[in-house]
Each structure stands twice: as structure tokens, then as C-alpha cells.
Protein chains: 2
Amino acid sequence: MSDDRVRATETSIRILEAIVELDGEAGITELAGHLSVAKSTIFKHLNTLESNGLVVETDDRYRIGLRALEFGGYAQRYDGVYDTAYPEVRQLAEDSGELANLMFEEGGKGVYVYTAEGPKAVDINTQTGRRVYLHATGIGKAILSTLPDERIEEIIDTHGLPAATDHTITDSGRLFDEIEQIRREGIAYDREESVEGMACLARPLSVPGPRPAAISVTGPASRVMTGETEQQLRTYLDQAGNVIELNLKG
Amino acid sequence: MSDDRVRATETSIRILEAIVELDGEAGITELAGHLSVAKSTIFKHLNTLESNGLVVETDDRYRIGLRALEFGGYAQRYDGVYDTAYPEVRQLAEDSGELANLMFEEGGKGVYVYTAEGPKAVDINTQTGRRVYLHATGIGKAILSTLPDERIEEIIDTHGLPAATDHTITDSGRLFDEIEQIRREGIAYDREESVEGMACLARPLSVPGPRPAAISVTGPASRVMTGETEQQLRTYLDQAGNVIELNLKG
DNA sequence: GGGCCCGTTTCGCGTGAGAAAACATAGAAA
DNA sequence: TTTCTATGTTTTCTCACGCGAAACGGGCCC
């Protein structure tokens with residue numbers, strides 16, 4: 001593996017990131033300051049990005065262009081899992097009343113690829129495309145459970161085990177214990193490990209192709225983790241997962 | 001307006017486009033051939049894109065990475081219109097039973113930003129992020145109707161009026177006539193102008209911010225354009241539009 | 001009118017983007 | 001087995017171009 005890079009491309013990408021960091025909108029001088037790069041450089045890059053639709057300008061303010069969404073769409077639908085899974089995830093949201101999610105793993109992180117809100121769903125911050133640590137959410141741990149141990153080690157080495165709440169698993173040993181349990185039981189729990197007050201039930205998906213996936217139901221810990229509802233949710237979750245896996249085989 | 005560009009960035013973008021053109025997956029030599037660029041160049045660019053998550057590699061095959069989806073998400077949600085509109089568009093799909101869409105204009109083209117399928121919806125090719133000509137669809141014409149005439153001329157100059165079917169409007173005069181009518185009546189029709197056999201009712205959205213938007217219902221011409229259902233659909237469409245506009249004001 | 005703060009443009013330097021070709025590896029063919 | 005041919009990878013070289021610094025010009029507010 002060589003680390004030959006194209007600096008100019010990297011600069012362009014950093015500009016995109018900077019726009020996001022500056023609340024989705026920024027001017028040239030602002031970006032130059034933020035990135036410590038000459039204004040003229042920013043100017044040329046924005047010109048290039050704009051004429052390719054990756055950036056849009058209104059009144060000298062630049063924002064991310066919808067062209068990015070087009071590329072993102074291809075990433076989303078790459079292996080067909082998204083297409084067969086999302087209707088079931090939607091159904092899962094309806095049945096459970098809560099928030100239901102589909103996640104893929106890429107580069108050692110989890111990416112929310114589809115989220116659906118049921119009638120009772122709390123409005124939490126799970127937007128399509130959001131990247132999160134795998135160890136800190138139920139759905140992420142479900143994905144980890146499908147990976148070989150060496151790969152999990154690798155991911156821990158790269159990204160570490162930062163804490164999101166007081167309940168986040170930050171110890172590699174405990175994480176592996178829990179993953180072992182998930183492998184046995186086929187279900188992953190998240191007890192306020194990613195967001196205070198929120199819990200989640202998740203289930204790995206056995207998919208063809210190289211991209212690990214999982215689904216989950218998320219809600220207030222008070223609702224989700226009480227014995228009765230938990231059983232019910234678990235049934236819905238398993239149903240959805242089974243249907244997806246079945247359809248993928250077909 | 002200067003046309004100063006960053007060539008390297010442009011090369012990177014062309015590589016992303018090429019991956020899409022090569023059915024979403026390609027190898028280095030393949031890309032080099034497709035773009036007539038040296039293999040070593042492709043190699044370095046892919047390295048750069050990969051380490052930024054814009055491209056993912058498995059077994060020497062490269063595909064678009066989900067990082068693009070993250071950027072796309074910011075573009076989608078930029079002005080808040082998406083957030084308030086999509087639940088209503090979903091509702092519209094449920095009520096009408098057909099396919100319902102939300103579109104934004106950017107760079108003179110229309111981008112499907114959200115699509116929802118109702119119970120009877122035909123499975124047509126409207127995926128999130130897809131870019132289409134504005135003059136060739138009902139929802140696109142609805143968007144055009146919100147723009148000043150000079151801007152419309154500008155768009156015609158840039159993109160032309162290519163035909164998608166035999167019914168596509170390819171004459172600038174006729175297009176302006178129809179846009180005038182849409183402005184008066186507040187509704188746009190698409191009678192097999194973008195896809196043979198499909199029709200659509202669309203309505204412009206009056207939104208704050210710089211990004212024109214519209215919503216639509218699409219279905220088989222036989223269902224959508226018959227007097228009775230058409231009236232019904234129109235009611236649903238107007239309802240949805242009104243709710244969205246109301247919520248945006250709040 | 002005079003600051004001041006933008007985006008835009010110019011210019012020149014030094015580097016790194018890109019081509020060409022050699023190298024490595026793995027699978028297929030002989 | 002050996003050879004051939006397809007990859008991806010690495011090296012070398014060089015000229016174009018990415019980049020920074022600084023000057024320019026327009027709009028806004030005092």
C-alpha cells in the first residue's frame with residue numbers, strides 16, 4: 001500500500017468538509033481562514049467544484065451541491081441490499097411505532113443509510129449518510145458481530161473506542177464479550193450507550209456482497225427496554241430481518 | 001467570471017463519474033482506458049479518494065463510497081425545505097396510491113430529492129439524486145414556472161430542449177406558453193412527455209431561500225389523466241403543497 | 001469621501017500531477 | 001511445470017499547474 005496522494009484533490013475535499021463545518025454555507029475568505037489556505041486557491045477550487053455541481057453558489061455564499069447526492073445514491077444502491085431492505089425497515093417503523101434504521105459498514109465506521117420514523121418515534125438526530133462509531137450503538141455492534149475478530153481488532157486500532165455516554169463500552173475485552181453474545185443470540189442491545197435516555201434493539205443482516213449491514217429499532221429506554229414491549233419489538237425486528245434475507249436470496 | 005479550474009480535482013471527479021458509467025464498479029486499468037489517462041494517475045487519485053471515503057475498494061474493484069452520501073445529505077437538508085416537505089410527500093403517496101416526488105432545481109436541472117411509493121405505485125426509475133431536464137417532466141415545468149423568464153432562457157441556452165419521448169416539448173415558444181398556463185392555474189401536467197405511458201400532476205412550492213422546489217404525483221397515463229381521478233389527485237396534491245408552505249412559514 | 005471587507009485577478013515560484021515504462025503478482029493457457 | 005497475459009504497483013522524469021502573496025475593484029457603512 002502506497003500513500004501516494006493527489007494534494008489538489010485533497011484540498012477540494014477539505015473545502016467540502018469545511019463548508020459542512022461552517023454550518024453548510026461559507027464565503028471564500030471564510031474558507032481561506034478556516035483552512036489556512038490562500039484565497040486564490042479556494043477560489044479556483046470552488047470554481048471547479050461548482051461547475052461540477054458539487055458546490056452551489058448564491059450571493060457569494062457556497063454550499064454543498066446536490067450532485068453529491070447523486071453520487072451518494074449510487075453508493076447507497078450499490079449491492080441491491082438497500083433496495084430490498086428499506087421497505088421492510090419502513091414497515092418495521094410502522095409496526096413498532098419507533099425509529100427504524102438500516103446501516104452499512106464502510107471503512108470501519110457505520111453509516112445510516114435509511115431511517116424511518118414510526119408514529120411514536122422521537123425526533124433524534126439520525127440522518128441519512130451520518131457516520132458513527134460501530135462500538136457505540138446497538139446497530140453498530142450488530143454489524144461488528146458479523147465481522148471476523150481480526151477485522152474488529154483492526155477497526156479498534158484505527159478508530160479507538162471513544163465514549164459517547166457514560167454507558168458506552170470503552171473496553172475492548174467487554175466489547176468482544178458482548179459481540180460473542182450477539183453472535184449467539186442474534187440480537188444486539190444498546191442501553192443508552194450512544195445517546196443518554198435512548199435504547200435500541202438491533203439485528204445483523206446476512207447479506208451477499210462485501211458490505212456488512214444491520215437493522216435496528218430505537219426509542220426511549222423507558223419504552224424500549226421494558227420486558228413486554230421488548231419482546232414485541234424483538235419479534236418485529238426478527239420478522240423484518242427474515243423477510244429481507246429471504247428476498248435477498250430470491 | 002473566470003474559468004480558472006483545478007485540473008487535478010476535475011480528474012478526480014471524472015473518475016467518480018467513470019465508475020458510475022462503468023456500472024458502479026471498476027478496476028484501475030479499466031478506468032485508465034475509459035478516461036484515456038495513465039494508470040499511475042488513476043492509481044494516485046483512487047488512493048486519495050479512498051482514504052477520504054469517497055471511493056471504496058474490494059478485491060481491486062473500486063466503487064463510490066458512502067462518504068458521498070454524507071455530503072449529499074447536507075445538500076439535501078440545506079434549507080430545511082426537505083425536512084418539512086418529505087413527510088407530506090409520503091402522505092401524498094399514501095393518499096394517491098401513486099408515486100410522489102419532491103424536486104429541487106440546481107444548475108438548471110431538476111434533482112429528485114425525495115420519492116415515495118404509494119400502494120399502487122408503478123416501479124419506475126426515480127431514485128434520489130437523479131438529475132433530469134426541467135422541460136421534459138411535469139414537476140420540472142412546475143419549477144420552471146417559478147423562475148423569471150430570463151432565467152428560463154438561460155437554462156434553455158445551456159441545456160437545450162432535448163426530447164425524451166415523442167410528446168416532449170422541444171419548442172421554446174410552446175414551453176413558454178405552457179409555463180404561462182402553469183403560472184395561472186398553479187398546476188403542471190406531464191402527458192407522457194418524459195416516459196411513454198406515464199403522466200404526472202405537479203405543483204410548484206413557494207419556498208423561502210434560493211432553491212426552487214416542486215412536488216408531483218406520477219402514474220400510468222390511463223390512471224392519472226382520467227377526469228375523475230385527476231380531480232382527486234389534484235386535491236391531494238394541493239393539500240400537500242399547502243401544508244408544506246404553511247409549515248415553512250411557521 | 002474614506003475605510004473596510006469582500007470576491008477577483010495577476011504573477012511568479014516550486015512542486016507535484018501526470019505520462020511512460022519497468023516491475024510484481026496471479027491466474028490462465030500451453 | 002513453464003509461459004503468457006491480465007492485472008495492480010512502483011519508479012523516474014519533466015513541464016504544467018497548484019498555490020501563495022499581493023495588488024485590484026466593487027459594494028457597504030460610517
Side-chain angles (χ1 to χ4, degrees), chain A residues 1-65 78 106-107 209-210, chain B residues 1-65 78 106-107 154 210:
Chain A
M1 157 73 85
S2 150
D3 55 351
D4 271 342
R5 302 277 183 84
V6 180
R7 270 196 61 177
T9 295
E10 215 129 49
T11 305
S12 281
I13 296 173
R14 287 184 59 211
I15 289 176
L16 293 177
E17 292 171 346
I19 292 176
V20 170
E21 285 163 17
L22 297 168
D23 295 319
E25 209 181 64
I28 290 183
T29 308
E30 203 177 347
L31 286 166
H34 189 77
L35 294 172
S36 308
V37 169
K39 279 199 295 179
S40 58
T41 301
I42 302 280
F43 179 75
K44 285 192 224 174
H45 279 268
L46 284 176
N47 256 342
T48 312
L49 292 170
E50 184 183 9
S51 64
N52 284 282
L54 287 175
V55 132
V56 184
E57 179 258 325
T58 321
D59 287 330
D60 288 333
R61 307 288 301 167
Y62 292 84
R63 59 178 192 271
I64 308 289
Y78 161 66
E106 233 183 61
Chain B
M1 156 73 85
S2 152
D3 54 351
D4 271 342
R5 302 277 182 82
V6 181
R7 280 191 54 147
T9 295
E10 214 128 49
T11 305
S12 280
I13 296 174
R14 287 182 60 210
I15 290 177
L16 293 177
E17 293 171 345
I19 292 176
V20 170
E21 285 163 19
L22 296 169
D23 294 320
E25 209 181 63
I28 290 182
T29 309
E30 204 177 346
L31 286 167
H34 189 76
L35 294 173
S36 308
V37 170
K39 279 200 295 180
S40 58
T41 302
I42 302 282
F43 180 75
K44 285 192 227 175
H45 279 267
L46 284 176
N47 255 343
T48 311
L49 293 170
E50 185 184 10
S51 64
N52 284 282
L54 288 175
V55 132
V56 183
E57 179 257 325
T58 323
D59 286 330
D60 286 334
R61 308 287 300 167
Y62 291 84
R63 59 178 192 271
I64 308 289
Y78 161 64
E106 234 183 58
E154 209 176 281

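Numbers restart at 1 for each chain; the letters A, B, ... are given by sequence-line order, proteins then strands.
We find that NE2 of A:His45 is positioned 12 Å from C1' of D:dG20, with the value rounded to whole Å. Nucleotide D:dG18 holds its P atom 17 Å from the CG atom of A:Leu35, rounded to whole Å. In this structure, B:Glu25 atom CD and D:dG8 atom P are separated by 12 Å, rounded to whole Å. B:Leu46 has its CG atom 14 Å from the P atom of D:dT10, to the nearest Å. The distance from atom CZ of A:Phe43 to atom P of D:dC24 is 17 Å, rounded to the nearest whole Å. Between A:Asp4 atom CG and C:dG16 atom P the separation is 12 Å, expressed in whole Å. Whole-Å rounding puts the A:Leu31 CG to C:dG7 C1' distance at 12 Å. Straight-line distance from the CD1 atom of A:Ile42 to the C1' atom of D:dG20: 12 Å, rounded to whole Å.
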Does the pair A:Arg63 and A:Thr58 meet the rule for a side chain to side chain contact (heavy atoms under 4.5 Å, CB included), with working shown? CA-CA 8 Å; A:Arg63 59 178 192 271; A:Thr58 321; 2.8 Å; yes
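Between the side chain of A:Lys39 and the base of D:dG20 there is no donor-acceptor pair of N/O atoms closer than 3.5 Å.
B:Leu31 is listed as a side-chain neighbour of B:Leu46, based on a closest heavy-atom distance under 4.5 Å. Residues B:Leu16 and B:Ile64 are in side-chain contact: their nearest non-hydrogen atoms beyond the backbone lie under 4.5 Å apart. The side-chain heavy atoms of A:Asn52 and B:Glu17, taken from C-beta on, include a pair separated by under 4.5 Å. For the pair A:Glu25/A:Leu22, no side-chain contact is recorded, criterion being any heavy-atom separation below 4.5 Å from C-beta on. Side chains of B:Val55 and B:His45 form no contact here, defined as non-hydrogen atoms less than 4.5 Å apart. A heavy-atom distance below 4.5 Å is found between the side chains of A:Glu30 and A:Arg61.
Here B:Thr29 does not reach the OP1 or OP2 of D:dA6: none of its side-chain N or O atoms lies under 4.0 Å away. Within the structure, every side-chain polar atom (N or O) of B:Thr41 is placed at least 4.0 Å from both OP1 and OP2 of C:dA17. Here B:Ser40 does not reach the OP1 or OP2 of D:dT9: none of its side-chain N or O atoms lies under 4.0 Å away.
Taking for each of A:Asp60 and A:Arg7 the nucleotide of DNA chain C with the nearest heavy atom, the 5'-most of the two is the partner of A:Asp60. When each of B:Ser36 and A:Ile28 is assigned the nucleotide of DNA chain C bearing its nearest heavy atom, the one mapping closer to the 5' terminus is A:Ile28.
Closest contact between the side chain of A:Val37 and the listed nucleotides C:dG18, D:dG20, D:dG18 involves D:dG20.
Summary of helix geometry: the two end axes of the helix from C:dG1-D:dC30 to C:dA30-D:dT1, each defined by five base pairs via their C1' atoms, are inclined to each other by 30° (rounded to 10°).
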